[in-house]
Protein chains: 2
Amino acid sequence: MGTTQLETVPEPKYWHLRTVLSEALDSEFSVGEILPNERDLAARFGVARATLRQALEQLELEGRLQRRRGVGTTVAPPRMGVSVGTAQHAWPGGPLDAWQTLDCALETPPATVAETLVTGRDEPVHTVRRSRVSHGQPVAAELLYVPADSVPGLSGIDAPSGAARARAVLRELQHLELERQENAVELGSARADDARELDRLPGAPVLVVTTRFIARGRTAALSVATYRADTCRLTFGDSGGVQIHHGPEQQAS
Amino acid sequence: MGTTQLETVPEPKYWHLRTVLSEALDSEFSVGEILPNERDLAARFGVARATLRQALEQLELEGRLQRRRGVGTTVAPPRMGVSVGTAQHAWPGGPLDAWQTLDCALETPPATVAETLVTGRDEPVHTVRRSRVSHGQPVAAELLYVPADSVPGLSGIDAPSGAARARAVLRELQHLELERQENAVELGSARADDARELDRLPGAPVLVVTTRFIARGRTAALSVATYRADTCRLTFGDSGGVQIHHGPEQQAS
DNA sequence: CAGTGGTCTAGACCACAAG
DNA sequence: TTGTGGTCTAGACCACTGA
């Protein structure tokens, strides 16, 4: 007795900690500011470092914090809005395209992709790699799968790979009449190569945007784009390009 | 010497484990099957339980596994496609609406919401709670904020809250001419109340879909819907309602 | 009740960035 | 070299489910 029992339904420590830190971020820190290191913070709150880290992971997932090994933990800016599916009814590589073409290869796509493209199994397709940068920061990495018969005019003279070839593939695509496109978004984790390109560790949470480009009743191209989930807010079907989302997030305890 | 050094760039154990388990799931398990418990699995792979759990968390994030306290870990079915922003150019509560109306209250919205609705601060708005069920499973919880002047015909006779009131609010909304709607998707973590409704623990990853309904040049209503990120794949702008996504995910090591 | 996943601890060492 | 976050361990106890 004498000990006041406030927690009738004891909330996990890390969850409570997340709330406390979240409020501290709103009131006492400004964007870009660095937090005390994890060992100090854990000691200050009287918890083990693992528990403190659980709270930080939550906040990072919500885009409130940014952590970098060897550097520290900083307060993240509000997520940036990146528009997806504007360029509605437009092929990739068009004039209003936010992507930068990297290179191209002739590869056998993963089974999931081959299934969506009606092409036969083990049929190699043009695989264009592109990346998207916004506000000086990489936000997405894309693989664009284009079956050979979607770009019949493609000259066989050029090398089968490289940046020039990639641009040629995109150029040929514009000749097709685009019926419509279908988008899907799901949560994924960054593969090692995507992670490197996005400046994150493998396994980092990403939003995977899959776009089917449909022409002549068939899937003429398939794009699989992985966006950094911590820094991006995907906007659909509205006007205009990149916008900054303003104000604090709505997720709170 | 004598020890063969295969790992020149040693991959983290949990990441390697994730890959091994992922492949095992593809080849040796079928949907719904239960895995050995965490202690056994950890022992079998010769790692600490915390490490094994890190791998399982990844796979759960990717929608490959489902874990339930007191029960066990099971192989998850492929994510279901839930269509968002079909009912494009349609108010919530319309005939083709996939949502179930729960109740309604007159509340002061969070600052972020009040900012988007042009309504003044501390101005209470109609707050309609709805839920979305798909394949017998709750997939999303929604809060729909409707400023009072968007539903001028709303009778003041009824009680200011309850399910009947909620339906009345939605009915009145249909009278406005909808100009367009804007969608945004971002990653979040489930608040305690959302988590309960989605049958998950607090902090579970969710996809937050924010929809602005615009009429007469103003934001006439704002919807904030949180979807289970582990089980859902959001589809945009295509035809048709709910579809099952087929085949394994594309994320692999 | 027994068995499951969820939380938490107090350490240790590693990989990386920057001075 | 120093200090950071990232990984890993071997335990402990708790909350929940279902028999």
Side-chain angles (χ1 to χ4, degrees), chain A residues 5 7-19 21 33-61 64-76 189-190 192 195-196 199-205 230, chain B residues 5 7-19 21 33-61 64-76 189-190 192 195-196 199-205 230:
Chain A
Q5 185 80 16
E7 308 250 22
T8 54
V9 178
E11 198 174 38
K13 278 190 187 178
Y14 80 91
W15 186 256
H16 180 242
L17 211 50
R18 185 207 80 113
T19 306
L21 287 170
E33 200 168 341
I34 66 175
L35 268 61
N37 72 53
E38 296 182 350
R39 290 161 179 88
D40 285 355
L41 275 180
R44 181 174 315 186
F45 287 103
V47 299
R49 182 155 79 113
T51 305
L52 185 269
R53 278 179 60 81
Q54 237 180 312
L56 294 184
E57 270 153 32
Q58 284 280 339
L59 291 169
E60 192 180 30
L61 201 76
R64 304 286 311 271
L65 292 179
Q66 188 157 1
R67 298 147 89 198
R68 271 174 306 169
R69 169 155 54 181
V71 179
T73 302
T74 60
V75 180
S189 45
R196 206 176 325 106
D199 192 27
R200 303 284 330 185
L201 292 175
D230 54 344
Chain B
Q5 186 79 16
E7 309 251 21
T8 54
V9 178
E11 200 174 37
K13 278 189 187 178
Y14 80 92
W15 186 257
H16 180 243
L17 210 51
R18 185 206 79 113
T19 306
L21 286 171
E33 200 167 344
I34 67 175
L35 270 62
N37 72 52
E38 296 182 349
R39 292 163 178 87
D40 284 355
L41 274 180
R44 182 176 313 186
F45 286 104
V47 300
R49 188 174 158 226
T51 305
L52 185 269
R53 277 179 61 80
Q54 235 180 314
L56 294 185
E57 270 153 32
Q58 284 280 337
L59 291 169
E60 192 180 29
L61 201 76
R64 305 287 311 272
L65 291 180
Q66 190 158 358
R67 299 147 89 198
R68 271 176 305 170
R69 167 155 56 180
V71 180
T73 301
T74 61
V75 180
S189 45
R196 207 176 325 108
D199 192 27
R200 302 285 322 178
L201 292 175
D230 54 344

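Each chain gets a letter, A, B and so on, in the order the sequences are listed, and its residues count up from 1.
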N/O (side chain, A:Y14) to phosphate O (OP1/OP2, C:dC8) under 4.0 Å: no

Under-4.0 Å side-chain N/O to phosphate OP1/OP2 contact, A:T51 with C:dT7: no

Any residue meeting side-chain hydrogen bond (donor to acceptor under 3.5 Å, both in side chains) with A:E57, in chain and number order, not counting sequence neighbours: none

Rounded distance in Å - CG (A:L35) to C1' (D:dG5): 13 Å

For atom NE2 of B:H16 and atom C1' of D:dC8, their distance in whole Å: 16 Å

Side-chain N or O of B:N37 closer than 4.0 Å to phosphate OP1/OP2 of C:dT4: yes

A:D199 atom CG, over 12 foreign heavy atoms within 6.0 Å: no

Any N/O pairs under 3.5 Å between the protein and nucleotides 10-19 of chain D? List them or say none.
from, atom 1, to, atom 2, distance (Å)
D:dA15, O4', B:R69, NH1, 3.4

Any residue meeting side-chain hydrogen bond (donor to acceptor under 3.5 Å, both in side chains) with A:Q66, in chain and number order, not counting sequence neighbours: none

N or O in side chain of B:T73 less than 4.0 angstrom from C:dT4 OP1/OP2: no

Whole-Å gap separating P (D:dC8) and CZ (B:F45): 14 Å

Whole-Å gap separating P (D:dG5) and CG (A:L201): 13 Å

Atom pair distance, as rounded to whole Å: CG in B:L52 and P in D:dC8: 12 Å

Residue pair B:L201 / B:R69, side-chain heavy-atom distance below 4.5 Å: yes

Sugar-phosphate, base or nothing in reach of A:L56, heavy atoms under 4.0 Å: nothing

Nearest-angstrom distance from the residue atom CD of B:E60 to C1' of C:dG6: 11 Å

Value in whole Å for how far the P atom of D:dG6 lies from CD of B:Q58: 13 Å

Nearest-Å distance for atom pair CZ/P, residues A:R196 and C:dC16: 13 Å

Under 4.0 angstrom between B:R53 side-chain N/O and C:dG5 OP1 or OP2: no

Let me check something: any side-chain donor-acceptor pairs from residues 39-55 of chain A under 3.5 Å, sequence neighbours excluded? List them with distances.
from, atom 1, to, atom 2, distance (Å)
A:R49, NH1, A:E38, OE1, 2.6
A:R53, NH1, A:E38, OE1, 3.2
A:R53, NH1, A:E38, OE2, 3.0

Nearest heavy atoms of B:S189 and B:G203, plus distance in Å: CB-O, 3.5 Å

B:H16 NE2 to B:R18 CZ distance, which is reported to the nearest 0.5 Å: 11.5 Å

